[in-house]
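Read through the structure below, which is laid out as structure tokens, and then see the notes.
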Amino acid sequence: MKKFLLIMTCHMLNLLSLTAQDKVQIIAHRGYWQSRGSAQNSIAALEGANRIRVYGSEFDVQMTVDNVLVVNHDGSIKGININRSPYSVLKDSTLTNGEKIPTLREYLEAAKHTDIRLIFELKPSDTPERTREAVRLSVEMVREKKLMHRTEFITFGLDAGKELIRLVPDAAVYYLSGDLSPKELKNLGFAGLDYNYNVMRKHPEWFKQAKALGLAINVWTVNDLTLMREMIDAGADFITTDIPNDALIFVSSKLSAN
Ligand code: MG
């Protein structure tokens, strides 16, 4: 009788852990920037994402002409082109919450005090050579800060993706552009796809194909709960969203309803 109870308990725990594993993960797009005092790609947004316990916080990285990596989405800040300007020209530019534009070094320094995944988007530079240099310096910086085990890379640039895979074969690298099939991504060594939801709607067969190939599926930028339901039901493993707090509540209520 005792043995029977033990087996039953283990069986139930297995079921529970399977459910937990199956749970879709939420990634805060540019951090949790919709909270008070925050801004997109700010250190406050990273800390906010950590506070609400999402799986990961996404951020965008680009390189100045004198090889300083900074965290910013747009190619320019306050009219200054990041790729073509030295860091000294843009270093005092402020985000909407008053923070100065963070360097990657400062951002990762702050990330050391968090324990969520760092979803590192590397923006391609002006030329393939400059992009490879940005990849090399990014990898070096993440290694220096001892954060590689928590970092996943995403990029629109195929050159950048290939170089990341070459330099850090163990890291998870995802491709964003939406123009390659799961089979093509697998052959190139990507860990998965990270595509716009419209791409996945156009290619519903890619959910199944990616799963069969052992690739993870991330979908961006899902800011509507009906769409979120659609993507989760179709098989998304990760949802990248500007409403991470609502998404967490939605996912946990969906899980308990199942
Ligand atoms: Mg991004």
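Order of listing sets the numbers, starting from 1, for every ligand and every atom in it. Residue numbers count from 1 along this sequence.
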For the Mg ion (ligand 1), find the closest N/O/S atom belonging to E58 and write down its atom name. OE2
Look at D242 together with R30 and state whether they make a salt bridge at an N to O cut-off of under 4.0 Å. no
Taking it one step at a time, do E140 and V135 satisfy side-chain contact (heavy atoms from CB on, under 4.5 Å)? CA-CA 8 Å; E140 201 176 276; V135 170; over 6 Å; no
Backbone of L69 reached by a side-chain donor or acceptor of T103 within 3.5 Å: no
Write the atom name of the N, O or S atom in D60 that is nearest the Mg ion (ligand 1). OD1
Can you name the N/O/S atom of E121 that is nearest the Mg ion (ligand 1)? OE1
With ring centroids as reference points, do Y107 and F59 lie under 6.0 angstrom apart? yes
